[in-house]
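Input: a single structure, listed below in structure tokens.
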Amino acid sequence: MYKVDLSPDPKEVAAIEARRNREKERQSRFFNVRTRVMGVDVKALNSQVEERKLREATEQSKEAAYGTYQEQYDLVAQMLEKEEAERTRRLNKKVQEFREQKQQLKNRQEFDLWDPGRLWMEFPAYLGPSEPPCGPASLQCFAGEDLERAMCLKMQQEQFRYSLERQLQEQQQVQDDEKCA
């Protein structure tokens, strides 16, 4: 019936192959973005590329100059910070020296306010029978309390000193009498 295994005509095969190649070439021109040149102004694109490169170069040079300026400003800022820290340290040292020399706690008017036991040391709570009594709840007067003990001790010391001097004088007199006799 039909002959299937007939060999094709070489002229037809070459024509089909040439059409396929032309179609592939046409598709590559349309679908490949990099090589498609139909309807594009190549000179304008090249000038845009050159302008972009020039702009990038100028920005790069500006950034380099800005970097050098920034380094200089950083150094100046660090020097100023060190100077300010040194000035603050010196001022604090002078203030501390002034406080140590001129503002001692014992020379202040407020020293009494800082001493919590000051009120207890100023005078005794109960001075004697001449003072009006404070009442039993105050507990300021105790039985056997000697309010004038310091004065009594002072008088006893004076009496002891006087009697000791008198004894020494008597012994000296006895020795002098023995030497004379």
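Being a predicted model, the structure only gives us computed values, none of them experimental.
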Within 6.0 angstrom of Gln60 CD, more than 12 heavy atoms from elsewhere: no
Lys/Arg-Asp/Glu bridge criterion (N-O < 4.0 Å) met for Glu23, Arg20: no
Arg149 atom CZ: more than 12 heavy-atom contacts under 6.0 Å: no
Spacing of CD belonging to Gln48 relative to CD belonging to Glu50, to within rounding of 0.5 Å: 11.0 Å
Spatial distance of atom CD (Glu59) from atom CG (Leu54) [nearest 0.5 Å]: 10.0 Å
Distance-only donor-acceptor pairs under 3.5 Å for side chains of residues 156-181, two or more places apart:
| residue | atom | partner | partner atom | Å |
| --- | --- | --- | --- | --- |
| Ser163 | OG | Gln159 | O | 3.3 |
| Ser163 | OG | Phe160 | O | 2.9 |

Salt bridge (Lys or Arg N to Asp or Glu O under 4.0 Å) evaluation trace for Arg87 with Glu84: CA-CA 5 Å; Arg87 188 179 310 125; Glu84 182 68 25; 2.6 Å; yes
Inter-residue atom distance Gln103.CD - Gln96.CD, 0.5 Å rounding: 10.0 Å
Distance, nearest 0.5 Å, that separates OG1 of Thr88 from CD of Glu83: 10.5 Å
Evaluation steps, salt bridge (Lys or Arg N to Asp or Glu O under 4.0 Å), between Arg89 and Glu86: CA-CA 5 Å; Arg89 188 188 64 78; Glu86 180 66 24; 2.5 Å; yes
